[in-house]
2 protein chains.
Amino acid sequence: MKRHVLIFGLVGGLLIATLQYTEYRFVVIEHSVELYSALVAILFASFGIWLGLRITRSRETIRETVVVREVLVPAEGPGFFAPHTAPFAPDTVRQQTLGITARELEILTQVARGFSNREIATQLFISENTVKTHCARAFDKLGAARRTQAVQRGKELGLLP
Amino acid sequence: MKRHVLIFGLVGGLLIATLQYTEYRFVVIEHSVELYSALVAILFASFGIWLGLRITRSRETIRETVVVREVLVPAEGPGFFAPHTAPFAPDTVRQQTLGITARELEILTQVARGFSNREIATQLFISENTVKTHCARAFDKLGAARRTQAVQRGKELGLLP
DNA sequence: TGCAAAATCATCCGAAAGGATGACGACAGC
DNA sequence: GCTGTCGTCATCCTTTCGGATGATTTTGCA
């Protein structure tokens with residue numbers, strides 16, 4: 001922690017040094033532009049540091065590590081069927097509105113499962129290029145630039161489990 | 001830490017150089033001093049903010065409180081009582097057993113959100129190389145070869161929302 | 001204070017992914 | 001027949017990822 005103070009001191013010293021240097025030049029060349037700029041720079045630098053401090057001060061939150069211990073209670077009885085056993089049904093409406101074809105969604109699902117393009121190609125008996133094409137189209141329709149982003153979007157939109 | 005001073009010195013030198021250079025140009029082109037000063041101000045303000053963030057990041061007193069929260073869960077499985085209302089809490093036990101550090105999980109979370117390494121680096125004020133290192137370690141601990149796979153595993157293991 | 005873990009950054013290199021574009025066949029609908 | 005959509009495949013090129021490895025700095029703890 002003391003190092004920070006030290007660094008602040010060093011930085012301050014550097015500032016003073018540069019100020020003196022530029023001041024000396026001003027005396028010689030008799031220009032006030034640089035002095036003015038240097039002052040503004042120093043002012044804003046300190047302001048920025050102060051701002052940074054203030055910003056991060058709010059970040060000084062007490063981080064609570066919550067350990068969730070799940071306690072099983074008897075089932076509620078009939079009428080409650082486990083949602084996990086039921087196969088996931090993608091939101092076909094949204095799929096249609098986005099214009100995502102069934103094949104594209106199929107490839108997207110495999111992407112979400114963590115498979116590479118080559119693996120997906122092997123699984124579906126198509127070429128890797130085709131997988132890439134489907135991916136590209138699906139990414140475009142989802143407004144995603146990366147496959148991870150596409151997966152995230154797909155889950156948000158209810159297209160992926 | 002000396003790096004900061006070094007960077008500051010470099011920036012200062014660059015500023016001096018540009019001062020000298022632009023002084024000549026101003027005389028010739030006769031640009032307004034205010035514009036120039038504003039540019040310098042913005043530059044130093046952002047630099048100061050960055051420096052402030054960097055310095056105070058270590059000051060982030062993390063008072064890590066472990067709170068064991070017992071949650072009643074129907075035997076049918078989790079996620080029936082509006083799981084979205086409760087903020088997600090990663091399975092710290094599993095995280096520990098896998099040896100995944102807090103930082104690695106933090107990076108992993110951003111990966112799951114679909115950000116690229118570069119974007120994550122910018123967000124967390126670290127270099128892209130560091131992000132890659134964290135990723136590689138996290139992937140190794142998760143037994144994943146790709147980031148999509150790591151995300152999938154992370155969700156399965158209750159590490160990611 | 002000194003040590004071990006964690007975090008940071010870097011470089012090299014190959015593999016994977018992504019963008020752009022063109023093409024071709026199948027099939028449905030008009 | 002013509003047209004539009006879909007699925008398929010390809011090439012070229014750029015960007016991004018990932019693996020391996022080494023180094024330095026920071027931090028937490030004994």
What is the distance, rounded to the nearest whole Å, between atom [atom1] of [X] and atom [atom2] of [N]?
X: A/K132; N: C/dA16; atom1: NZ; atom2: C1'; value: 8 Å
X: B/R103; N: D/dT26; atom1: CZ; atom2: P; value: 15 Å
X: B/K141; N: C/dA7; atom1: NZ; atom2: C1'; value: 11 Å
X: B/Q149; N: D/dG18; atom1: CD; atom2: P; value: 11 Å
X: B/R146; N: D/dG19; atom1: CZ; atom2: C1'; value: 14 Å
X: B/E128; N: D/dG19; atom1: CD; atom2: P; value: 15 Å
X: B/D140; N: D/dC17; atom1: CG; atom2: P; value: 19 Å
X: A/F115; N: C/dA16; atom1: CZ; atom2: P; value: 15 Å

So, OP1 or OP2 of [N]: does either fall under 4.0 Å of a side-chain N or O from [X]?
X: B/S127; N: C/dA10; value: yes
X: A/N129; N: D/dA10; value: yes
X: A/R147; N: C/dG18; value: yes
X: B/T101; N: C/dA7; value: yes
X: B/R118; N: D/dC17; value: no

Problem set entry | Modelled atom types, side-chain donor and acceptor of A/S127 and A/T130, under 3.5 Å |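 The criterion, which ignores hydrogens and geometry beyond distance, is satisfied for A/T130 and A/S127.
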Problem set entry | B/E106 side chain near B/T101 side chain, heavy-atom distance below 4.5 Å | no
For this session: State, yes or no, whether a side-chain contact exists between B/R103 and B/L124 at a heavy-atom distance under 4.5 Å.
Result: yes
Exercise. Which one, D/dG7, D/dG19, C/dG18, comes nearest to the side chain of B/A136?
Worked result: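 The answer is D/dG19, which lies nearest to the side chain.
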Exercise. Which listed nucleotide (C/dT8, D/dG19, C/dA17) is nearest to the side chain of A/N117?
Worked result: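 It is C/dA17.
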Problem set entry | Base of D/dC17 paired with side chain of B/S116 (donor-acceptor, under 3.5 Å) | no
Problem set entry | hbond_proxy A/R137 side chain to D/dT8 base (donor-acceptor, 3.5 Å cutoff) | yes
Problem set entry | Of B/G99 and B/T130, the one whose closest DNA chain C nucleotide lies more 5' | B/G99
For this session: Please figure out whether A/A144 or B/E104 has its closest DNA chain C nucleotide nearer the 5' end.
Result: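 So the residue in question is B/E104.
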Seminar exercise, completed: Taken to the nearest 0.5 Å, the spacing of A/E128 CD from A/I120 CD1 works out to 9.5 Å
Problem set entry | Closest non-hydrogen atom pair between B/L160 and B/V151, with its separation |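 Taking B/L160 first and B/V151 second, the nearest heavy atoms are CD1-O, 3.8 Å.
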For this session: May I ask you to say whether A/E119 pairs ionically with B/R146, meaning some side-chain N is under 4.0 Å from a carboxylate O?
Result: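 Salt bridge present between A/E119 and B/R146.
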For this session: Compute the angle between the rotation axes at the two ends of the helix from C/dT1-D/dA30 to C/dC30-D/dG1, each taken over five pairs, rounded to 10 degrees.
Result: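 Axis-to-axis angle, ends of the helix: 50°.
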Problem set entry | Heavy atoms of other groups near A/Q96 CD, more than 12 under 6.0 Å |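 No, the 6.0 Å shell around CD holds no more than 12 heavy atoms from other groups.
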